[in-house]
Amino acid sequence: MNNNEIKNYLIFFKQNIVNLRDQDINREIEKYFDRTVFIQNIDLLERNSLIVEDDNRDSIYSITEKGEEFLKQIIEEHKYIAEKERIEFEKSKLDLDLARKMLKEYPYTKWFARVSIFIALVLAILEVIRWKDK
C-alpha cells in the first residue's frame with residue numbers, strides 16, 4: 001500500500017468512527033473503497049499502529065496518535081512536492097521566455113559582432129598608418 005492509499009484510509013478513519021457492524025458505515029466504505037481490500041488493509045494499518053480497534057474488540061476502529069502524525073507527515077510531504085513542482089513549472093516557463101528572447105535577439109547580436117569586427121579592423125589599419133607615418 002503506497003502513501004497515497006494510506007493517506008486516504010487515515011483520512012477516512014479520522015472523519016468517521018468505523019464500526020464494521022454498522023450498515024451505514026459499510027455503505028460509506030463501499031462508496032470510497034473495495035470492501036474486501038478495506039478489511040485487509042485494516043489489518044495492515046492495525047499492525048503498524050496507525051489505527052486501533054477499541055478495547056472490547058467489537059469491530060470499532062479509530063485512528064491513533066501515530067496515525068495522526070503519519071497522516072500529517074504525508075500531507076506535508078504532498079504539499080512540499082506540489083510546491084516543488086509548481087516552482088519547477090514556473091522556472092521552466094521563465095527559461096522558455098528567456099530562450100525565446102535570446103532567439104529573437106540573435107540576428108541583431110550577429111550583426112553587432114560583424115560591425116564590431118569591421119570597426120576594429122578599420123581602427124587597426126588607422127593605427128598601422130599612424131605608426132608608419134611617425
Side-chain angles (χ1 to χ4, degrees):
M1 188 160 46
N2 64 30
N3 279 351
N4 200 31
E5 291 173 339
I6 292 173
K7 180 184 86 168
N8 292 337
Y9 277 90
L10 291 178
I11 288 173
F12 186 79
F13 280 101
K14 186 175 181 177
Q15 293 174 346
N16 302 293
I17 297 172
V18 179
N19 182 353
L20 295 178
R21 295 182 183 164
D22 183 11
Q23 292 303 315
D24 292 333
I25 200 70
N26 284 330
R27 283 189 215 105
E28 196 74 20
I29 290 169
E30 289 172 359
K31 194 185 301 182
Y32 298 107
F33 308 100
D34 180 23
R35 181 156 171 71
T36 55
V37 175
F38 185 82
I39 301 297
Q40 293 169 351
N41 288 334
I42 282 179
D43 185 46
L44 177 73
L45 293 170
E46 194 172 14
R47 275 187 277 132
N48 289 319
S49 302
L50 300 175
I51 62 170
V52 65
E53 189 172 13
D54 83 345
D55 296 335
N56 299 330
R57 305 289 293 173
D58 56 357
S59 300
I60 299 175
Y61 294 90
S62 59
I63 191 168
T64 63
E65 286 184 32
K66 182 180 176 183
E68 292 268 356
E69 290 173 14
F70 192 71
L71 177 62
K72 190 183 298 183
Q73 178 185 356
I74 291 172
I75 290 172
E76 288 298 318
E77 184 178 315
H78 282 278
K79 285 180 183 176
Y80 172 77
I81 290 170
E83 181 67 15
K84 184 178 173 183
E85 288 175 354
R86 186 191 67 77
I87 290 171
E88 287 175 358
F89 179 72
E90 289 293 323
K91 181 183 174 287
S92 66
K93 279 181 22 180
L94 289 173
D95 288 345
L96 181 63
D97 287 342
L98 181 61
R100 282 185 181 153
K101 287 178 183 176
M102 286 175 57
L103 285 174
K104 188 177 179 181
E105 293 174 1
Y106 179 72
Y108 300 119
T109 57
K110 212 161 122 180
W111 278 106
F112 288 145
R114 289 177 183 163
V115 168
S116 298
I117 287 175
F118 176 74
I119 292 172
L121 288 174
V122 168
L123 290 174
I125 292 171
L126 284 175
E127 281 299 314
V128 168
I129 293 172
R130 283 186 192 164
W131 180 69
K132 282 191 172 187
D133 286 343
K134 286 185 180 181

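Just so it is clear, the structure is predicted and the values come from calculations on it, not from any experiment.
Here the side chains of Ile17 and Ser62 are not in contact, with every heavy-atom distance at 4.5 Å or above. At a threshold of 4.5 Å between non-hydrogen side-chain atoms, the residues Leu71 and Ile6 do not count as touching. Put simply, the side chain of Glu127 does not reach to within 4.5 Å of the side chain of Leu123, judged on heavy atoms.
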Throw together a table of side-chain donor-acceptor distances under 3.5 angstrom for residues 38-47, partners on residues two or more places apart or in other chains.
from: Asn41; atom 1: ND2; to: Tyr9; atom 2: OH; distance (Å): 2.8
from: Asn41; atom 1: ND2; to: Val37; atom 2: O; distance (Å): 3.3
from: Asp43; atom 1: OD2; to: Arg47; atom 2: NE; distance (Å): 3.3
from: Asp43; atom 1: OD2; to: Arg47; atom 2: NH2; distance (Å): 3.4
from: Glu46; atom 1: OE2; to: Arg57; atom 2: NH1; distance (Å): 3.4

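Taking the charged nitrogens against the carboxylate oxygens, Lys101 and Asp97 have no contact shorter than 4.0 Å, which rules out a salt bridge. For the pair Glu69 and Lys72, the salt-bridge criterion is not met [side-chain N within less than 4.0 Å of a carboxylate O]. Taking the charged nitrogens against the carboxylate oxygens, Asp24 and Arg27 do have a contact shorter than 4.0 Å, which makes a salt bridge. With respect to Glu28 and Lys31, a salt bridge is recorded, a charged nitrogen being found less than 4.0 Å from a carboxylate O.
The minimum heavy-atom distance linking Ile63 with Lys14 is given by the pair CG2-CA, 4.2 Å.
When the side chains of ILVMFWY residues are joined at heavy-atom separations under 4.5 Å, either directly or via intervening members, Ile60 and Leu50 end up in two distinct hydrophobic clusters.
In this structure, Thr64 contributes its side chain and Val52 its backbone to no donor-acceptor pair below 3.5 Å. Between the side chain of Asn16 and the main chain of Val18, no donor-acceptor pair closer than 3.5 Å is present. Checked by atom type and distance alone, the side chain of Asn26 pairs as donor or acceptor with a backbone atom of Asp22 at under 3.5 Å. Between the side chain of Lys66 and the main chain of Asn48, a donor-acceptor pair closer than 3.5 Å is present.
Rounded to the nearest 0.5 angstrom, Leu126 CG and Arg130 CZ are separated by 6.0 Å. Atom CG of residue Leu94 and atom CZ of residue Phe89 lie 10.5 Å apart, to the nearest 0.5 angstrom. Put simply, CZ on Arg86 and CD1 on Ile81 are 15.0 Å apart, with the number rounded to the nearest 0.5 Å. Here the CD-NE2 distance, from Gln73 to His78, works out to 10.5 Å after rounding to the nearest 0.5 Å.
Partner of Ile117 under the side-chain contact (heavy atoms from CB on, under 4.5 Å) criterion, chosen from Leu121, Val115, Ile119: Leu121.
The environment of Arg114 atom CZ is dense: over 12 non-hydrogen atoms of other residues, nucleotides or ligands sit within 6.0 angstrom.
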Would you check, one step at a time, whether the test side chain to side chain contact (heavy atoms under 4.5 Å, CB included) holds for Leu10 with Ile51?
CA-CA 8 Å; Leu10 291 178; Ile51 62 170; 4.2 Å; yes

Checking salt bridge (charged side-chain N to carboxylate O under 4.0 Å, His left out) for the pair Lys91/Glu88: CA distance, chi angles, key distance, verdict?
CA-CA 5 Å; Lys91 181 183 174 287; Glu88 287 175 358; over 6 Å; no

